[in-house]
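Below is one structure, written out as structure tokens; comments come after it.
Chain letters run A, B, ... following the sequence lines, proteins first and then strands; every chain starts at 1.
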Amino acid sequence: MAKITKLDDIVSLCKRRGFIFQSSEIYGGLASCYDYGPLGVELKRNVRAAWWNSVVQMRDDVVGLDSSILMHPLVWKASGHADKFADVIVECKKCNTRSRVDHLTSGAEEHTEHVPVETAMTDAAALDKKVCPNCGQVGQFTEPMAFRLMFETQMGANVDDTMRLFLRPETAQGIFANFRNVLDSTRVRIPFGIAQIGKSFRNEVTTKAFIFRTREFEQAELEFFCEPGTDDEWYEHWRQQRFEWYLSLGIKKENLRFREHDLDELAHYAKACVDVEYRFPFGSGDWQELEGIANRTDFDLRQHQRGMRTLNSWFEKKGDLSQIELNSEADNYHKGPLSYFDDQTKKRYIPYVIEPSAGIDRSALAFLVDAYDEEEVRGETRNLLRFHHSLAPTKVAVFPLVKKDGMPEIAVKIYDDLKGHFTCFYDEKGAVGRRYRRQDEAGTPFCITVDGQTIEDSTVTVRQRDSMEQVRVATDQLKNYLRGELEL
RNA sequence: GCGGGCGUAGCUUAAUGGUAAAGCCCCAGCCUUCCAAGCUGGUCAUGUGGGUCCGAUUCCCAUCGCCCGCUCCA
């Protein structure tokens, strides 16, 4: 089986067929930003829908949410992003490699969690004693550079009276901030989850590999709330569920794996974390993360209870986050405003949270890469995308075999009849073989062709993308036939 | 941000200090009764901005973007 080894081939296919374009290409492009073309947007919609179907629609214990990208700045103070979501980096003058200051503190490998900027800046003061991890030179560093990983913007059109806001770096905090609302407005009971799909923004230090790591990206996140003590089994449950999801949508088993986070790799609030990784065809041929599933304990809800207690300080300091110290936690925090009362057991507690967090763009890329195939047909190379039916941008293409003898009229009628039910495409130009191959490259699973026999007995051929085999189906049975085949 | 590589049509490649060439794709027409057939015609390019020069796609500088590595990370 032919295998793509270069990302270039994927990028080329994506552009040629209208899946993905570089953003602002007519102006020379904008780094790290990409646009989804006509086929790409359908693919992405289908990826979202498949996630939503699996995580929300098919479950009795998960509800959906769509929170705003802009949120109260205290959200990010409480979540820790405002303080910790920044890196301080220096560059070794000898070997030109860059290192995070907090990684220079000692020779021993430490945890990789971000540290507050102030701490890092303090560390930076003692740089002349630090060792470059790459070349071993001591104290040969540039001035420390601070990186703010959150995008900033301002609210209010009057420039003298605006409020500094952040574009969310993750959708999760919108879920935590609405925990109480969902609890009060629906009749959910723990254990239950809140799911959300949406854009997030991070000023990554480096972007990478096409749409794999971009500064604007789309996440599909679930926060699943459960009683402390049951969190280990729910963590296990969601690991399996999420891994299965990728396989059920056609990702090849040999290209998917788990990667457990070591204890010293975990964020300080996380009890456990595992990545679902896909073997992307990047230069190194390396495994790369599609999704992380973490046990975040009760950290987030407790932090937001602290944040809620800090509101006065927010007004006193006129919204200057750097001047604000998060208030300490109440002694009886477990009875706080974001706690949960279980009226079966009469217990009140802050729930634990299991968080599966997937990258929609990354997943779309993985599905694209995994579906790509080339095969020899009569000495010609046939390029095709073997998408799972539910992901295919176009489900059905309708052709007249030739553009005469009344075939186009019949085909158009069939097309008009089907397009209300499936994403369809009509084509009557050129040789039918060419039209088939074009649909192969777009990943369309079924092609319907009206031929001479149709005029006699009202049947058409239905051609399968993967096998190229054809069956005859009565025109009035087409809708049912396709429904069955597409499992819609 | 550093180092390396690369930017010519939608794609893949030519060529040149002096009219930018071809194949595929695409479009129109003809022909075609099932897998990128054929014929005719057609659209479309030197990433951007400067400099040198009579003249720059070519040489120089800057810039933007992509890939690989370092680094980092969902």
Say we look at [N] and [M]: how far apart would their [atom1] atoms be, to the nearest angstrom?
| N | M | atom1 | value |
| --- | --- | --- | --- |
| B/rC11 | B/rU33 | P | 35 Å |
| B/rG23 | B/rC39 | P | 11 Å |
| B/rU52 | B/rU13 | P | 35 Å |
| B/rC24 | B/rA37 | C1' | 15 Å |
| B/rC54 | B/rU48 | P | 24 Å |
| B/rA56 | B/rG17 | P | 14 Å |
| B/rU8 | B/rU71 | C1' | 34 Å |
| B/rU46 | B/rA20 | P | 11 Å |

Grab the [atom1]-[atom2] distance between [X] and [N] for me, whole Å please.
| X | N | atom1 | atom2 | answer |
| --- | --- | --- | --- | --- |
| A/Ile410 | B/rU33 | CD1 | P | 16 Å |
| A/Ile455 | B/rU33 | CD1 | C1' | 10 Å |
| A/Leu365 | B/rC67 | CG | P | 11 Å |
| A/Gln288 | B/rC68 | CD | P | 10 Å |
| A/Leu384 | B/rC35 | CG | C1' | 13 Å |
| A/Arg213 | B/rG69 | CZ | P | 12 Å |
| A/Glu428 | B/rC31 | CD | P | 15 Å |

[X] near the nucleic acid: base, sugar-phosphate alone, or nothing, with a heavy-atom cut-off under 4.0 Å?
| X | answer |
| --- | --- |
| A/Thr461 | base |
| A/Thr449 | base |
| A/Asp440 | nothing |
| A/Gly452 | base |

Between the protein and nucleotides 62-66 of chain B, are there any N/O to N/O pairs under 3.5 Å, and if so, what are the atom names and distances?
from	atom 1	to	atom 2	distance (Å)
B/rC64	O2'	A/Gly28	O	3.1
B/rG65	OP1	A/Ala31	N	3.2
B/rG65	O4'	A/Gly28	O	3.2
B/rG65	O3'	A/Gln22	NE2	3.4
B/rG65	O2'	A/Gln22	OE1	3.0
B/rC66	OP1	A/Ser32	N	3.0

Can you name the side chain to side chain donor-acceptor pair (under 3.5 Å) partners of A/Arg296, sequence neighbours left out?
->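 Side chain to side chain donor-acceptor pair (under 3.5 Å) list for A/Arg296, sorted by chain: A/Asp300, A/Glu355.
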Want to know the stems of RNA chain B: at least 3 consecutive Watson-Crick or G-U pairs with distances under 3.5 Å, which are they?
->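 The stems that RNA chain B takes part in, listed by first number, are B:1-7 with B:64-70, B:10-13 with B:21-24, B:26-30 with B:38-42, B:47-51 with B:59-63.
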Taking [X] first and then [Y], would you say they form a salt bridge - that is, a charged N and a carboxylate O separated by under 4.0 Å?
| X | Y | answer |
| --- | --- | --- |
| A/Arg239 | A/Glu260 | yes |
| A/Arg465 | A/Asp440 | no |
| A/Lys15 | A/Glu25 | yes |

What nucleotide, of [options], holds the atom closest to the side chain of [X]?
| X | options | answer |
| --- | --- | --- |
| A/Arg463 | B/rC35, B/rG29, B/rA28 | B/rC35 |
| A/Lys15 | B/rC34, B/rC35, B/rG10 | B/rG10 |
| A/Arg16 | B/rC11, B/rC34, B/rC72 | B/rC11 |

Could I get the full list of side chain to side chain contact (heavy atoms under 4.5 Å, CB included) partners for A/Ser68, not counting sequence neighbours?
->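 A/Ser68 satisfies side chain to side chain contact (heavy atoms under 4.5 Å, CB included) with A/Met71 only.
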Quiz item: cation-pi between A/Arg386 and A/Tyr372, 6.0 Å / 45° |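 No cation-pi geometry.
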Face-on cation placement of A/Arg242 at A/Trp238 ring, 6.0 Å and 45° thresholds =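 No, A/Arg242 does not sit over the ring of A/Trp238.
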For the residue pair [X] and [Y], is the inter-centroid distance of their aromatic rings smaller than 6.0 Å?
| X | Y | result |
| --- | --- | --- |
| A/Tyr352 | A/Phe225 | no |
| A/Phe280 | A/Phe212 | yes |
| A/Phe166 | A/Phe151 | no |

N/O contacts under 3.5 Å, protein versus nucleotides 36-40 of chain B?
from	atom 1	to	atom 2	distance (Å)
B/rA36	O3'	A/Arg434	NH2	3.4
B/rA37	OP1	A/Arg434	NH2	2.4

Position toward the 5' end of RNA chain B (nearest nucleotide), A/Gln470 or A/Leu290 |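 Result of the comparison: A/Gln470.
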Return the 5'-most residue of the pair A/Asp361, A/Val402 with respect to RNA chain B, ranking by each residue's nearest nucleotide.
->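 Its nearest nucleotide lies further toward 5', so the answer is A/Val402.
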For the pair A/Asp451 (side chain) and A/Pro400 (backbone), establish whether a donor and an acceptor sit closer than 3.5 Å, ignoring hydrogens and angles.
->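 Absent.
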N or O in side chain of A/Lys429 less than 4.0 angstrom from B/rC27 OP1/OP2 |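 No, because none of the side-chain N or O atoms of A/Lys429 sits under 4.0 Å from OP1 or OP2 of B/rC27.
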For A/Thr459 and A/Arg472, does a side-chain donor sit closer than 3.5 Å to a side-chain acceptor?
->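 The answer is yes; a qualifying pair exists.
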List for me each residue that meets ring pair (Phe, Tyr, Trp, His ring centres under 6.0 Å) alongside A/Tyr436, sequence neighbours excluded, and say none if there are none.
->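 Per chain and number, A/Tyr436 pairs via ring pair (Phe, Tyr, Trp, His ring centres under 6.0 Å) with A/Phe399.
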